[in-house]
Amino acid sequence: MNAPSREFDVEAIRADFPILTRMLDPETPMIYLDGGATSQRPRQVIDAEVSYLLRDNAAVKRGAHRMAGLATDAYEGSRERVAEFLGAPSPDEVVFTKNATEALNLVAHSLGSGDSSTPEHLRVREGDEILVTEMEHHANLVPWQELARRTGATLRWIPVAEDFTLDLSDLVSLLTERTKVLAFTHQSNVLGTVNPVATLVEAAHAVGALTVLDAAQSAPHMPFDVASLGVDLVALSGHKMLGPTGIGMLWGRYDLLEQMPPFLTGGSMIELVEMERSTFAEPPARFEAGTPPISQAVGLAAACDYLDGLGMDQVAAHERALTQRALSGLAGIDGVRVIGPALSPERTGAVSFDLAGRHPHDVGQVLDSLGIEVRVGHHCAWPLHRRFGVHGTTRASFSVHTTTAEVDAFVEGVAHTVDFFGALA
Ligand code: PLP
């Protein structure tokens with residue numbers, strides 16, 4: 001993380017995002033409150049990607065020509081920049097993937113490869129246990145369910161308490177000497193809850209379990225440093241941190257990556273290939289089979305520059321203020337039930353709510369008619385919604401370019417939606 005290079009001036013920030021001037025129809029400006037699903041990109045990110053495509057585009061690593069060298073430099077330079085943003089001790093600990101989902105699948109498949117040369121602590125087998133939480137996005141649940149199914153391991157989970165935080169009262173019995181992995185989200189994409197990483201990591205490491213952190217929602221919104229978090233592996237998403245779609249990241253401690261078998265196999269990840277067998281390259285190449293997302297990596301590096309330029313402390317403070325404003329506003333509207341904790345340092349700017357049992361698609365449609373773009377449904381966290389007795393919720397999520405006026409328009413929009421549906425009873 002670098003020192004900020006500019007004032008946190010929302011109007012100046014907004015001028016960097018060309019899409020924010022878009023009208024949804026001749027009368028309706030767009031209010032984008034869905035950065036939790038995918039963020040908008042500043043001009044600096046778009047320009048970096050376009051400039052790479054206009055000047056340096058080629059396949060990386062495989063060519064003797066100068067263009068291949070330029071493309072490889074751009075790609076590997078981006079890895080260095082991303083590693084710096086994440087606080088990774090070495091760029092070789094950063095693996096580029098398609099998205100956070102692929103990063104999590106990579107880990108789950110690698111741990112279940114059944115490769116007998118893999119050390120015991122990196123092999124999940126029958127009788128082992130995998131621990132997740134009840135608040136996981138499906139991306140950090142289904143790959144572990146599948147790993148358990150393939151290997152005969154048992155999946156267990158930490159429940160979510162009434163106050164929307166993890167119920168850690170049974171942690172000691174949930175983490176046993178059979179637990180191989182604890183996989184958990186840093187920040188819930190529905191509740192906004194930020195989980196106690198240090199407590200969870202300490203407890204997992206005490207029984208020798210590997211820790212896997214889903215940081216898709218946290219890294220774009222708060223100071224983030226893998227070295228001080230103490231986790232073993234981290235999955236991240238480019239398109240939620242002002243970067244391009246088509247790129248995610250797996251960060252892993254190098255000594256672990258070095259011992260993990262590959263997920264996808266093919267070109268670019270090998271050391272030696274014969275007709276009968278192959279040996280594999282060292283990380284990160286071992287985990288990057290095929291032609292990688294090169295222009296996306298360049299755009300992602302520019303997104304890291306952009307966020308660092310604003311300062312992640314300022315980003316967090318800005319979004320916290322917006323969250324407070326939204327929560328206070330919603331508290332004054334009858335029929336709104338926020339599915340998430342009150343404002344605290346352990347809460348960030350995903351604000352989900354149920355509106356007197358109204359279908360969230362209906363709520364979203366009324367808000368959309370006002371130009372307010374929010375997310376509706378189960379947000380890929382179906383078990384979590386069941387936990388709170390709702391089929392789905394409506395979620396507003398805030399970003400560096402969100403203004404207080406937009407948050408006020410959102411709150412007024414929700415009040416209008418209540419009126420629109422008539423009596424709440
Ligand atoms: N984890 C969380 C907490 C998310 O919110 C999401 C996406 O919404 C994902 C993982 C999946 O991210 P990606 O789209 O990069 O696969």
Side-chain angles (χ1 to χ4, degrees), residues 32-41 82 86 94-109 132-146 157-158 160 164-166 182-195 197 200 211-222 224 229 231 233-251 263-264 287 292-293 296-297 299-300 303 319 339-340 346-352 373-385 392-399:
Y32 189 78
L33 301 182
D34 200 16
T38 200
S39 50
Q40 297 301 345
R41 300 174 211 175
V82 171
L86 298 177
V94 176
V95 176
F96 285 129
T97 60
K98 185 173 72 179
N99 47 33
T101 304
E102 190 182 79
L104 292 161
N105 274 277
L106 187 167
V107 177
H109 275 264
V132 295
T133 85
E134 200 180 12
M135 66 166 77
E136 296 312 311
H137 185 284
H138 299 164
N140 199 29
L141 173 60
V142 183
W144 303 113
Q145 291 173 341
E146 285 299 291
W157 53 92
I158 303 171
V160 177
F164 309 103
T165 64
L166 289 179
L182 168 61
F184 63 101
T185 190
H186 195 182
Q187 188 213 299
S188 163
N189 61 315
V190 178
L191 309 171
T193 305
V194 178
N195 286 321
V197 179
L200 290 164
T211 50
V212 180
L213 186 72
D214 175 357
Q217 292 289 347
S218 57
H221 302 291
M222 59 179 76
F224 187 87
L229 282 170
V231 286
L233 296 147
V234 181
L236 301 117
S237 174
H239 70 100
K240 294 187 197 292
M241 50 183 277
L242 315 185
T245 47
I247 189 159
M249 295 139 274
L250 173 70
W251 171 83
F263 166 39
L264 301 174
F287 302 105
Q296 291 90 333
L300 180 58
E319 295 179 9
I339 307 290
E346 285 74 45
R347 204 244 197 263
T348 58
V351 176
S352 301
E373 310 297 279
V374 292
R375 180 90 163 166
V376 295
H378 55 59
H379 317 300
C380 299
W382 219 336
L384 178 64
H385 280 82
T393 49
T394 304
R395 179 188 74 189
S397 47
F398 308 128
S399 190

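Note that ligands are numbered from 1 as they come in the structure, with each ligand's atoms numbered from 1 the same way.
Contact between Lys240 and ligand 1 is present, with at least one heavy atom of the residue lying under 4.0 Å from the ligand. Residue Asn140 places every heavy atom at 4.0 Å or more from ligand 1. Ligand 1 is never approached by Lys98 to a heavy-atom distance shorter than 4.0 Å.
By the side chain to side chain contact (heavy atoms under 4.5 Å, CB included) test, Glu319 pairs with His221, Val315, Val400, sequence neighbours left out.
Distance NZ/Lys98 to NE2/His239: 11.0 Å, rounded to 0.5 Å. Considering CZ of Arg395 and CG of Leu33, their distance stands at 11.0 Å, rounded to 0.5 Å. For the atom pair CG (Leu229) and OG (Ser218), the distance works out to 8.0 Å, reported to the nearest 0.5 Å.
Of all protein heavy atoms, the one closest to atom 5 (O) of ligand 1 is Gln217 NE2, 2.7 Å. In this structure, atom 14 (O) of ligand 1 lies nearest to the protein heavy atom His239 NE2, 2.9 Å. Looking at atom 2 (C) of ligand 1, its nearest protein heavy atom turns out to be Asp214 OD2, 3.4 Å. Looking only at protein heavy atoms, the nearest one to atom 16 (O) of ligand 1 is Thr101 OG1, 2.5 Å. Of all protein heavy atoms, the one closest to atom 12 (O) of ligand 1 is Ala100 CB, 3.6 Å. With hydrogens left out, the protein atom closest to atom 4 (C) of ligand 1 is His137 CD2, 3.2 Å, a heavy atom.
The residue Glu102 has no part lying near ligand 1, judged by heavy-atom distances below 4.0 Å.
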Note to self: Please evaluate residues Asp214 and Leu104 with respect to the criterion side-chain contact (heavy atoms from CB on, under 4.5 Å), reporting the C-alpha separation (whole Å), side-chain torsions for both, the decisive distance (0.1 Å), and the verdict.
What the structure shows: CA-CA 8 Å; Asp214 175 357; Leu104 292 161; 4.2 Å; yes
Next item on the list: Give the intermediate values and the outcome of side-chain contact (heavy atoms from CB on, under 4.5 Å) for residues Phe184 and Val197.
Entry: CA-CA 9 Å; Phe184 63 101; Val197 179; 4.1 Å; yes
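Side-chain contact check for Thr393 and His379: at least one donor-acceptor pair (N or O, by modelled atom type) lies under 3.5 Å.
Ligand 1 places these atoms under 4.0 Å from at least one heavy atom of Asn99: 13 (P), 15 (O), 16 (O). Atoms of ligand 1 lying under 4.0 Å from at least one heavy atom of Asn189, given by number and element, are 5 (O).
Remark: the backbone N or O of Val160 is paired with a side-chain donor or acceptor of Glu134 at under 3.5 angstrom.
Contact record, Ala103 with Ala235: CB-CB, 3.8 Å, taken as the closest heavy-atom pair.
For a threshold of 3.5 Å applied to N or O pairs, the pair formed by Ser237 and ligand 1 contains at least one separation below that value.
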